[in-house]
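Following: one structure in structure tokens, then a few remarks.
Chain letters run A, B, ... following the sequence lines, proteins first and then strands; every chain starts at 1. On a predicted model such as this, the values are computed, not experimentally measured, just so you know.
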Amino acid sequence: MNDPLQPLTAMLVSRELLTEDTALFQLALADSRGVGPNGMNHKPGQFVMLSVLGAGEAPFSICHAASDVPILQLCIRRVGRLTERLFELPTGSKLGLRGPYGNGFPLERMVGQELLLVAGGLGMAPLRSVLQAVMAQRDRYRRVVLAYGFRHKDEMLFGPELIALGETGHLELHFAVDHPMADQPFTAMHGHVGQLVESLTLDAAETTVALCGPPVMYKGTAQMLREKGVWPQKTFMTFERRMSCGIGQCGHCTIGYRYSCKDGPVFSAWEARGLREAWEQEAYNDASQ
Amino acid sequence: METFMLDRQDLPSFLAACEKHRRVHVPVEEAPDHFIFKPLAEATDQPVALHYLRTALPPKKYFFPAEEVLYRFDADGYHPQQPDLPPMILFGLHPCDLHGLDVLDHFFSRDYPDRTYHSRRQQAWLIGLGCMPDEHCFCQSQGTEHVDGLYDLFLWDLGPQFYVMVRTEAGHDMLHMARALFKPVSQANQQAYLALLKKRRQAFTLHMPVADLPQVLEVKQDCAVWDKIGETCFTCGACSMVCPTCTCYDMLDRMDLSGQCGERCRKWSSCLFRDFDRGAGDHHFRRDRGDRVKNRYYHKEHGYVNGFGKPSCTGCGRCITACPAGIDVISVFTKVRRACGGEEEVVS
């Protein structure tokens, strides 16, 4: 019986610091079985379970679109024991890897639409996979807009890459920063990404949205998009939890009867109406602290 | 389905005959009113507890143990460990526990079949045992009062004899381990069996209407009752540990002293635990105790029904007897239901 909980062996190919505490990790599957996340076989928005010897296992979203190169890219922030270890490992180290899991963003349903990608902070990581997939078939979509909010210029992820894309004219870029700085190499609105989205002029009925960021930004942004006329069926958000299994067993990611790992992590705002604690409760909790 | 009669005094001979072929596990009274499933071979001076109602832990402990090593790991990777459950016969399962195993079988089969669960489960033949409800049983309400097809052999206790139902080939095999002990069924035996079922049906004192619970719960998502219950609940997770259908788990990596290798374990967890729903950035999706309590009850009677078509509560009553705060599922749902009628129930 194929065992979905068994990690395959992968190798840390490179680690490139993007900010002070966030890096782009490149991994290659070293396992001869050939099944598993290899950088070529996933959908944007899917995630993998990554194991570090002795430190445990955690889910990370894949931050690039499937390509011809068998290299997997993960954008990881140093926040806990496992990620701490990841930042210390020398290249060439062995890791455990399984997946890809989750449903991913429904790119087919976005064809012919205007696309609005809304990223908050580290939420840029999974949305980069959507952006790359869209850019690879740019003519299938109409206007493509990225609204990206982060704290200050040093926390911007993939900055040069995004700005270069913006210069090609294929991508419309809008940034929002909490703390503006005199020397930031881009123009940005002072405020949070929700305010940024509110200021955009959209062809609402023809727009599909992909949203990823800290849970606190979901409720307000989704509601505001709805008020702007974007259909909740076309507003997609990722609900990421600290899963132990990734396959709908361990229960850590359950929201009602839905498993964020298996039925998600991408849900439309329409589907997510019934998953209130995934976003509404969280917004309430944060506001009440 | 074939039926037979087995004399009460012949039960030990039957189990002894079975033990020659497979390890037999039976319910015994380990301490007064404390029942557990245990290997027959280790219960030499303990009689089989035919009168037991609920064991401390449900039979899930055999197939989804409280802690198990899934892999050994070292620099070469993760090496699957084989569960060591030999072929066995689990004797004395009440209908609620057979339904509990049915839920587990389904849960661990869908999408990604679970390797160790199925490896253990396939080793087990199940013998059911009829029971008479006490004041904590509400399987009748949950629709798990009777079982069809979830057992290999089933015994109804008619006093001097058991009414034996053979359901599967494994049941047939067990019958033939001591074929001479099994007698034909007379019309009087059938009458006695039906009379027992009637008596049992009437013996239930605990009732809970469940058919419309998913609808009630859907409407009452903001019910203040949950916060009130949250004030009494210790979130100790005892209800989850004794529940025949709770399946939540944590993964734990344990390094050997060498620091070079170790083992990955799977341990029971509970959605009531403080850290269970912790997400990235230390976000808690269910920060308050009331939210976590609510989540557990919603999962059993609302979420599971939506996702799997039936509740995942079997009405065994273990959570009622295990709760140190005296919270019981029936009064919880009664309170929610009353609140639905406009009268907010105050939890004393």
*Any side-chain donor near an acceptor of the partner, A:Q6 and B:Y71, under 3.5 Å*: no

*For a side chain to side chain donor-acceptor pair (under 3.5 Å) with B:K300, tell me which candidate from B:N295, B:T245, B:T314 qualifies.*
B:T245

*Engaged part of B:F107 at the chain A interface, taking heavy atoms whose separation is under 4.5 Å*: side chain

*Can you tell which part of A:E240 gets under 4.5 Å to a heavy atom of chain B, answering side chain, backbone, both or neither?*
backbone

*Which one of B:D111, B:L70, B:D277 has the most heavy-atom pairs closer than 4.5 Å to chain A?*
B:D111

*Interface residue of largest heavy-atom contact number with chain A, from B:Y304, B:F108, B:Y298, under 4.5 Å*: B:F108

*Is it possible for you to check whether B:R110 lies under 6.0 Å from the centre of the six-membered ring of A:Y259, through NZ or CZ, and within 45° of that ring's axis?*
yes

*So, B:R318 and B:D97, do they make that salt bridge, N to O below 4.0 Å?*
yes

*Taking the six-membered ring of B:Y117 as reference, does the NZ or CZ atom of B:R120 fall below 6.0 Å from its centre and within a 45° cone about the axis?*
no

*Quick one: what part of B:D256 sits under 4.5 Å from any heavy atom of chain A, side chain, backbone, both or neither?*
neither

*Heavy-atom distance under 4.5 Å to chain B: side chain of A:L5, backbone, both or neither?*
both

*Measure distances from A:F60 to the heavy atoms of chain B and classify the residue's part below 4.5 Å as side chain, backbone, both or neither.*
neither

*Picking from B:C246, B:G77, B:P80, B:G262, which has the most non-hydrogen pairs under 4.5 angstrom with chain A?*
B:P80

*Using non-hydrogen atoms only, which part of A:S93 is less than 4.5 Å away from chain B: side chain, backbone, both, or neither?*
neither

*Interface residue of largest heavy-atom contact number with chain A, from B:R278, B:H299, B:R264, B:M251, under 4.5 Å*: B:R264

